[in-house]
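Quick notes on the structure that follows.
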Amino acid sequence: MKIDNTVLAKLEKLSHLKISDAKKEEVMEQLSGILTYVDNLNELDTSALDATFSTLDGGTPLREDTPREPDNVAKNILSHAPQSRDDFFIVPAIIE
């Protein structure tokens, strides 16, 4: 597919980008090259592939679902605070 000025103008509008006139030819060539490269994917025969193709036999491995051990990180942090109550820091009021 060849990108022309009309398609480039639509892409500019959709992307909310402004391409300078000096760069338009270069951008059109680059976009045409990208579309040609992507068009090569149409040549691949994917009819033999399953829609749920995976490189892992049996699907994704899952870890055992074990409950997390309770930690005392919050209590340890609050123990170093100048003031705390009910698992919260107490700070001076700044708005009266």
| said: Check for me, please, whether Val73 and Phe89 land in the same ILVMFWY cluster - side-chain distances under 4.5 Å, paths through other members count. | reply: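 Cluster IDs for Val73 and Phe89 match.
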| said: For residues Val7 and Ile19: do they belong to one hydrophobic cluster (side chain heavy atoms under 4.5 Å, members Ile, Leu, Val, Met, Phe, Trp, Tyr)? | reply: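 Yes, Val7 and Ile19 fall within the same hydrophobic cluster.
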Atom of [X], atom of [Y] and distance for their closest heavy-atom approach:
{"X": "Ile3", "Y": "Leu35", "result": "CD1-CD1, 3.5 Å"}
{"X": "Asp4", "Y": "Met28", "result": "C-SD, 3.6 Å"}
{"X": "Ser84", "Y": "Ile90", "result": "C-CD1, 3.9 Å"}

| said: Any carboxylate oxygen within less than 4.0 angstrom of a Lys/Arg side-chain nitrogen, looking at Glu12 and Lys24? | reply: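 So Glu12 pairs with Lys24 through a salt bridge.
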| message | If you define the side chain from C-beta out and look only at heavy atoms, does anything of Leu11 sit under 4.5 Å from Leu31? | response |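 SC-SC contact between Leu11 and Leu31 confirmed.
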| query | Once you round to the nearest 0.5 Å, how far does CD1 of Ile34 lie from CG of Asp39? | reply |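 Ile34 atom CD1 to Asp39 atom CG measures 13.5 Å (nearest 0.5 Å).
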| query | When rounded to the nearest 0.5 angstrom, what is the spacing between OG1 in Thr46 and CG in Leu41? | reply |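 Thr46 OG1 to Leu41 CG: 10.0 Å, rounded to 0.5 Å.
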| query | Within the side chain of Ser79, is there an N or O that forms a donor-acceptor pair under 3.5 Å with the backbone of Asn76? | reply |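 The answer is yes, because a donor-acceptor pair under 3.5 Å joins these two groups.
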